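Here the structure is laid out as structure tokens; the discussion comes afterwards.
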Amino acid sequence: MMPYPSGRLHMGHVRNYAIGDVIARYKWAKGHDVLHPFAWDAFGLPAENAAIKHKAQPDVWTKKNIADMKNQLKSLGLSINWDREVSTCDPNYYKHEQKIFLDFYQAGLAYRKESWVNWDPVEQSVLANEQVIDGKGWRSGAPVTKKLLSQWFLKITDFSESLLEGLDTLKKWPEKVTTMQRNWIGKSEGAYVAYDVENSSHKVQIFTTRPDTLFGASYIAISAHHELSKALSEKNSEVAAFIKECEALGTSQKTIETAEKKGVKTPFFALCPFDEGKKIPIYIANYVLSDYGTGAVIGVPAHDERDHEFAKKYDLDILPVVALPDGQTPDVEEAPHISDGTMINSQFLNGLRVTDAIKKAIEKITELNIGYGAVTYRLKDWGVSRQRYWGCLIPIIYCNQCGIVPVPKKSFPSHCRLMFLFDKAGNPLEHHPTWKHVSCPKCNQPAKRETDTFDTFFESSWYFLRLCLEKNQDELDKTAIESWMPVNQYIGGIEHAVMHLLYSRFFMRAMRQCGYLNIKEPFEGLLTQGMVIHKTYKSKDGEWVYPDHVITKGKNHYTEDGKEVTVGASEKMSKSKNNTVDPQAIIDEYGVDTARLFILSDSPPDRDFEWSDAGLQGSWRYINRLWALALKIAEVKDAKKPSDQTPEGKKIERYMHKTIYAINHDLDGFHLNKAIARLREFSNKLETLDLSHQDNHHIALFCLKTLLKLFSPFIPHICEEIWKTLLEEKSFLIETPWPKVNDTILEDDTITLAVQINGKLKGTIECSQGQNTQDIEEAAKKLPAVHAVIKDKEIKKIIVVPKRIVNIVCP
RNA sequence: GCGGUCGUGGCGGAACUGGUAGACGCGCAGCGUUGAGGUCGCUGUGGUGGAAACACCGUGGAAGUUCGAGUCUUCUCGACCGCACCA
């Protein structure tokens, strides 16, 4: 994945790109045509924050960051095709994006609708969720409210089913990611039901996945922005106050759903269509989302956790309508009954199982003409408008005569930016005196530009297509794109599991519909790498202390000026906790290979990686040992192949082939830590090979060369150096082919079998390949440790699993 | 709150489809090299008991399936990631 150019390379980047580099070098060595490109996710909020804080122009700031980071990246020795590098803030990049958007618009995949944003009343600007802290604006400290704005949306919901079905084809994705996306799309089957409201012309429509439980309904909860809530707030001050309170929660779903569940009772009652005379109270509740579903839910406290909690709080009826499996009525006072059963207290549904009752209830709802069965998705359309300066301009002009008018494609890139000032909060594009005023491309009358820019996920949803093109290729050439796409191996953080990866999948579908390409899925293989974490240190006076500045004496830690330091949990490296380690400093001191080796060696790529200086030293030592080993073997590099190999030589040759086999397997599965462990084992064995015996010289050299080749994707510089300088090879190591496994010498002559009694290990026996079961049983029984136990016991059974184990079962 | 993942020595982690738990590395200890320290080399290192042989315990916790469970099942505890305007 492309990085945000923050200005300084951090360990997370090093890890990400080191993993990618190993895979790229391995595939290259195996003869694949590898494209290993790079891009910068250059638009975004931090540039604007820097502009406000340091009066730096976002483009200047961003370009400097890119230059700085590129320098650092280059020192990592990555095999990146820099000639294709792109930056998303480059007009030559985003002009395509503007065209794509207009094509989406023409195809009916982009539309405008009103939607809520977090609003800072002091700054008079929109806040991102992360800028809302405890309900207050991060800079102003003012309580946040919500505001309704007209914004652009992309119709990702047109592809809900396709995005869901496509997940089954992503065989090389981690299952956790496809599961998360499946749940995010959230297909559910259920029914819409419209309830009449007593003494009112309003109707309340709800959606439920459990229409079978409608007889157990105790209340209906509507959102603060439901039309009924709005109508009520005009004359009811309690309701108006509650709506205000809900708005103070902001737009973050996490905040809304973790807030204490509160509701306010309205004077309205919904009329149960099945049960004449039954009146269901209507509440306005803070946990009902206004822009999801119908903005109203039905509460069945006997059979739903959240409804139960709400009913308890407001003392509502809890009527069980699903019996326990044994037919008993469940006790639902303390906890709801969620699982399956047969229906009770439900008139025409009584006696039916839940699944049948759902069908029957939908039939009845349809028959009464109050609703219908439906499939819904949790997935919402994607709001792409941002009230920000540093993003790709939405190429739209608003004309009083002509309405929404696309900026003509021939005038792309639409980027005629003047000097904008960040002297006040909010979007400079909006409050610039002249910029937004243009004449309508259709009627030439005065009109206004769209001042919003795109969500930066827009850029990241298709950048990989641009990377399929040569630097100077100006059109999104279908042939070039399709010759490389899909991305065979995509690598990035698990935090992108849903949004970025889902938006990219949507883009492929939408772009396909607009004729751009014929690709279904953007990423064939996906590897989600873990974070780089580090211990945190805090001094007695509560300050975070840099790891470098901690002095350890025995079990205690101190600051440089002698204050006591406590060691905290390992957390994601972050500036705010001072637990970062600067990759540049490591590279300067130990060299790139040490840094690469260490960051790849300990943890599997998909898990978090704990940085430790001691671990780094270990990698440094190994690099030195490898050099020493090579130096020793280089002395005998002219040795001829002996006519007959020593038993030791034969053994290490077999081990070498086992290693190649295992490394292939490990690299194919991205078990880079295991691959390194095996290479170290192999190199440990090679160190003990007796070089005083002349007949071992040739095989030692052969093994060393194999070791270098197998290690070269990880530590390319030292391996190449040994190859050239110590072994005086004419070729470059990087150009030599990947070693081949000789299958015929893989198998050992003898096998070690574990012998157990009742599943407990008692010893091991050696046997030859294909030895018969009876011999093995006899040999096992003769083991002293076994004999001692079984000699006066009756053997019930002996289990012999070929090549694995013997288990003697006796009472 | 909802969705997802993870949990193995002092530490990072190995253990392919259930079959010798702790590979490899870090740390630590002892010995050697050294004037000393570091580097480097060798040896040892899950816990408890034991001089030792060995025995017992041991994969967050509890239960279960199995000849056999780190691996499967159920419950439970904890940590982390995402939740639609950070990227």
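It should be emphasised that the depicted structure is a prediction, and the values quoted were computed from it without experimental measurement. Just so we're on the same page: letters track the sequence lines, and every chain starts at 1.
Base pairing of G82(B): its partner is C2(B), meeting the Watson-Crick or G-U wobble criterion (both donor-acceptor distances under 3.5 Å). U20(B) makes up no base pair with any nucleotide shown, lacking Watson-Crick or G-U wobble contacts both under 3.5 Å. Base pairing of G49(B): its partner is C54(B), meeting the Watson-Crick or G-U wobble criterion (both donor-acceptor distances under 3.5 Å). Across all strands shown, C75(B) pairs with G61(B); the Watson-Crick or G-U wobble distances both stay below 3.5 Å.
On the P atoms, C42(B) is 37 Å away from G61(B), given to the nearest whole Å. Comparing G18(B) with A23(B), their P atoms are spaced 23 Å from each other, to the whole Å. Rounded to whole Å, the separation between the P atoms of A52(B) and U45(B) comes to 13 Å. Remark: the separation of the P atoms in G12(B) and G60(B) is 13 Å, to the nearest Å. As rounded to the nearest Å, G9(B) and U59(B) have C1' atoms that lie 10 Å from one another. For the P atoms, the distance from G25(B) to C31(B) is 23 Å, rounded to whole Å. Rounded to whole Å, the C1' atom of A14(B) lies 34 Å from the corresponding atom of A87(B).
Gln387(A) comes within 4.0 angstrom of a base, heavy atoms only. At the heavy-atom level, Arg678(A) lies nowhere under 4.0 Å from the strands shown. Using a 4.0 Å heavy-atom criterion, one finds that Lys674(A) contacts the sugar-phosphate atoms exclusively.
In terms of phosphate contacts, Lys760(A) brings a side-chain nitrogen or oxygen within less than 4.0 Å of OP1 or OP2 of C57(B). The shortest distance between the side-chain N/O atoms of Asn183(A) and the OP1/OP2 oxygens of G82(B) is not below 4.0 Å. Between Arg378(A) and C2(B) there is no side-chain polar atom (N or O) within less than 4.0 angstrom of OP1 or OP2. The phosphate of G1(B) (OP1 or OP2) has no side-chain N or O of Arg306(A) nearer than 4.0 angstrom. Within the structure, every side-chain polar atom (N or O) of Asn673(A) is placed at least 4.0 Å from both OP1 and OP2 of G13(B).
Side-chain atoms of Asn65(A) come within 3.5 Å of backbone atoms of Pro5(A) as a donor-acceptor pair (strictly under, hydrogens ignored).
Comparing C81(B), G4(B), A84(B) against the side chain of Met531(A) picks out C81(B) as the nearest. Proximity note for Glu610(A) (side chain, C-beta onward) versus G12(B), G19(B), G25(B): the nearest is G12(B). The side chain of Lys176(A) sits closest to G4(B) out of C26(B), G4(B), G1(B).
Residues Ile185(A) and Leu502(A) are in side-chain contact: their nearest non-hydrogen atoms beyond the backbone lie under 4.5 Å apart. The closest side-chain heavy-atom distance from Phe458(A) to Cys392(A) is not below 4.5 Å.
Between Asp381(A) and Lys155(A) no salt bridge is recorded (no basic side-chain N to carboxylate O distance below 4.0 Å). Taking 4.0 Å as the cut-off between side-chain N and carboxylate O, Arg388(A) and Glu48(A) do not count as a salt-bridged pair.
Side-chain to base pairing of Arg388(A) with C85(B): one donor and one acceptor N or O lie within less than 3.5 Å of each other. Judged by distance alone, with hydrogens and angles left aside, Gln253(A) brings no side-chain donor or acceptor close enough to the base of C2(B) to form a pair under 3.5 Å. Counting atom types as modelled, Gln151(A) pairs a side-chain N or O with a base atom of C85(B) as donor and acceptor under 3.5 Å.
For the ring-ring contact (aromatic ring centres under 6.0 Å, His included) test with Tyr622(A), the passing option among Tyr590(A), Phe711(A), Phe714(A), Trp627(A) is Phe711(A); the others fail.
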